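Notes follow the structure.
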Amino acid sequence: MFAHFPQPQLAGPEYPATIGILRPALHTILAEASREAGVSIRLGLSVADITQDANAVEVEFTDGTRGRYDLVVGADGIYSHVRELILGKSIQPRYVGQIVWRANLERPPDVTSISMWYGPSNKAGLSPFSQQGMYLFLTQNVPTPTRPEQEQLPALLREQLAEYQGLVGEVRERITDPRQINYRPIESMLLPSPWYKGRYCS
Ligand SMILES: Cc1cc2nc3c(=O)[nH]c(=O)nc-3n(C[C@H](O)[C@H](O)[C@H](O)COP(=O)(O)OP(=O)(O)OC[C@H]3O[C@@H](n4cnc5c(N)ncnc54)[C@H](O)[C@@H]3O)c2cc1C
């Protein structure tokens, strides 16, 4: 073993120290909490334009409606349209030279917290997200990001895992369904300050 990090069970002994969460489950929790808090949520539209005067920000939406707000916060991800409207196109995400694989799999009982292994040419890990499920992840150096066909992903991922034994080697052969695999470039972006302009920020 290379290193073992203490993982205190901060939420209580009945809860694991670390666990992954699937995005739909996180979305459900956040959406329910937002609705309970009385937040007005509108789906299926975006921001078309933003202007501001001394007292408020005026937002035009893609469905033609408009609104005036005290403050606008853009939380629309790494390719934020709001950021572009406020700060222009000069600041863009940068590919860091690695892609990350993730595959949702059945959880063997002995996978109870996040673990990582260093292979000869890449790093792999297992992360449980429920009593039944876990995901396997693997980071791979790829100088120029590629986009393989979804159908090819199981065989390509098994190839990347070929040199692993133990738990990772055991679960490798269960990677057969292209729908269980997510393949993404890792991108980075550091936005220089200030992150705002008047009454809107990104
Ligand atoms: C497969 C995967 C696994 C990951 N695992 C981890 C992990 O284990 N730990 C970790 O810390 N991070 C992880 N990350 C990274 C993490 O998900 C991101 O850092 C985080 O989601 C960024 O949050 P955000 O709110 O800035 O953007 P996002 O989560 O991308 O949210 C942006 C939202 O804005 C919406 N949106 C985008 N453009 C518009 C528009 N023009 N109009 C209206 N809405 C728009 C999108 O639909 C989305 O709902 C993972 C990412 C991926 C893809």
Side-chain angles (χ1 to χ4, degrees), residues 5 7 10 16-35 39-51 57-67 69 71-89 91-105 107 111-117 122-130 133-140 142 145-148 150 153-154 156-157 160 175 177-191 193 195-196 200-202:
F5 298 96
Q7 298 184 35
L10 297 176
T18 58
I19 192 167
I21 186 166
L22 294 185
R23 200 163 288 235
L26 178 63
H27 273 198
T28 304
I29 293 166
L30 294 176
E32 279 172 7
S34 305
R35 290 196 172 100
V39 177
S40 154
I41 299 175
R42 294 167 69 197
L43 300 174
L45 75 163
S46 185
V47 172
D49 201 10
I50 308 179
T51 49
V57 190
E58 178 94 18
V59 179
E60 185 189 331
F61 296 100
T62 47
D63 64 351
T65 57
R66 306 180 77 87
Y69 305 95
L71 183 72
V72 168
V73 177
D76 48 351
I78 193 163
Y79 285 95
S80 168
H81 181 52
V82 171
R83 184 179 66 236
E84 198 176 298
L85 286 172
I86 301 168
L87 302 171
K89 291 186 180 178
I91 305 148
Q92 292 293 332
R94 179 182 61 88
Y95 174 61
V96 303
Q98 279 198 325
I99 57 98
V100 56
W101 297 80
R102 297 177 185 86
N104 286 356
L105 296 164
R107 181 178 74 85
V111 178
T112 53
S113 65
I114 297 173
S115 306
M116 281 192 76
W117 289 265
N122 55 41
K123 281 180 284 185
L126 300 175
S127 172
F129 58 74
S130 71
M134 67 168 189
Y135 69 88
L136 174 144
F137 57 95
L138 178 132
T139 51
Q140 179 189 349
V142 177
T146 52
R147 204 178 258 273
Q150 191 77 20
L153 295 181
L156 291 173
L157 178 53
Q160 286 300 316
I175 302 170
D177 183 353
R179 291 168 305 178
Q180 74 196 139
I181 301 177
N182 183 290
Y183 174 98
R184 295 276 184 128
I186 302 179
E187 295 170 298
S188 152
M189 204 191 72
L190 275 182
L191 191 61
S193 62
W195 293 2
Y196 63 89
Y200 40 54
C201 64
S202 180

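Counting convention: from 1, in listed order, for ligands and their atoms alike. Keep in mind that this is a model prediction, so the values were computed, not measured.
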Main-chain N/O of G133 paired with N104 side-chain donor or acceptor, under 3.5 Å
no
Treating S46 as the side-chain partner and T62 as the backbone partner, does any N or O pair qualify as donor plus acceptor under 3.5 Å?
no
For R184, take its heavy atoms, then give the atoms of ligand 1 lying under 4.0 Å from any of them.
53 (C)
closest protein heavy atom to atom 34 (O) of ligand 1 is D76 CA, 3.3 Å
Using protein heavy atoms only, decide if any is under 4.0 Å from atom 12 (N) of ligand 1.
no
State the CZ-CE distance between R83 and M189, to the nearest 0.5 angstrom.
3.5 Å
L30 backbone acceptor or donor facing S34 side chain under 3.5 Å
yes
Donor-acceptor under 3.5 Å (R107 side chain, F129 main chain)
no
Atom CG of residue position L26 - does it have more than 12 heavy atoms of other residues, nucleotides or ligands inside 6.0 Å?
yes
Output yes when a side-chain donor or acceptor of Q150 lies under 3.5 Å from a complementary backbone atom of I181, and no otherwise.
yes
Atom 14 (N) of ligand 1: which protein heavy atom is closest, and how many Å away?
R23 NH2, 4.4 Å
Hey, does Y135 sit under 4.0 Å from ligand 1 if you only count heavy atoms?
yes
Atom 7 (C) of ligand 1: protein heavy atom closer than 4.0 Å?
no
Do you see a protein non-hydrogen atom under 4.0 Å from atom 49 (O) of ligand 1?
no
Identity and separation of the nearest protein heavy atom to atom 3 (C) of ligand 1
R102 CZ, 3.0 Å
Enumerate the atoms of ligand 1 whose separation from the nearest heavy atom of A75 is less than 4.0 angstrom.
32 (C), 33 (C), 34 (O)
Looking at atom 26 (O) of ligand 1, what's its closest protein heavy atom, distance included?
G77 CA, 4.0 Å
Output yes when a side-chain donor or acceptor of D76 lies under 3.5 Å from a complementary backbone atom of H81, and no otherwise.
yes
Please list, in number order, the atoms of ligand 1 under 4.0 Å from a heavy atom of S46.
40 (C), 41 (N), 42 (N), 43 (C)
Under 4.0 Å from atom 17 (O) of ligand 1, is there at least one protein heavy atom?
yes
More than 12 non-hydrogen atoms from neighbouring residues, nucleotides or ligands closer than 6.0 Å to CZ on R147, yes or no?
no
Do protein heavy atoms approach atom 41 (N) of ligand 1 to less than 4.0 Å?
yes
In ligand 1, the atoms that come under 4.0 Å of a heavy atom of H81 are 41 (N)
Strictly less than 4.0 Å: does any protein heavy-atom distance to atom 37 (C) of ligand 1 fall in that range?
yes
Candidate pair Y183 and Q140, rule side chain to side chain donor-acceptor pair (under 3.5 Å), full reasoning
CA-CA 10 Å; Y183 174 98; Q140 179 189 349; 5.5 Å; no
From atom 45 (C) of ligand 1, is the closest protein heavy-atom distance below 4.0 Å?
yes
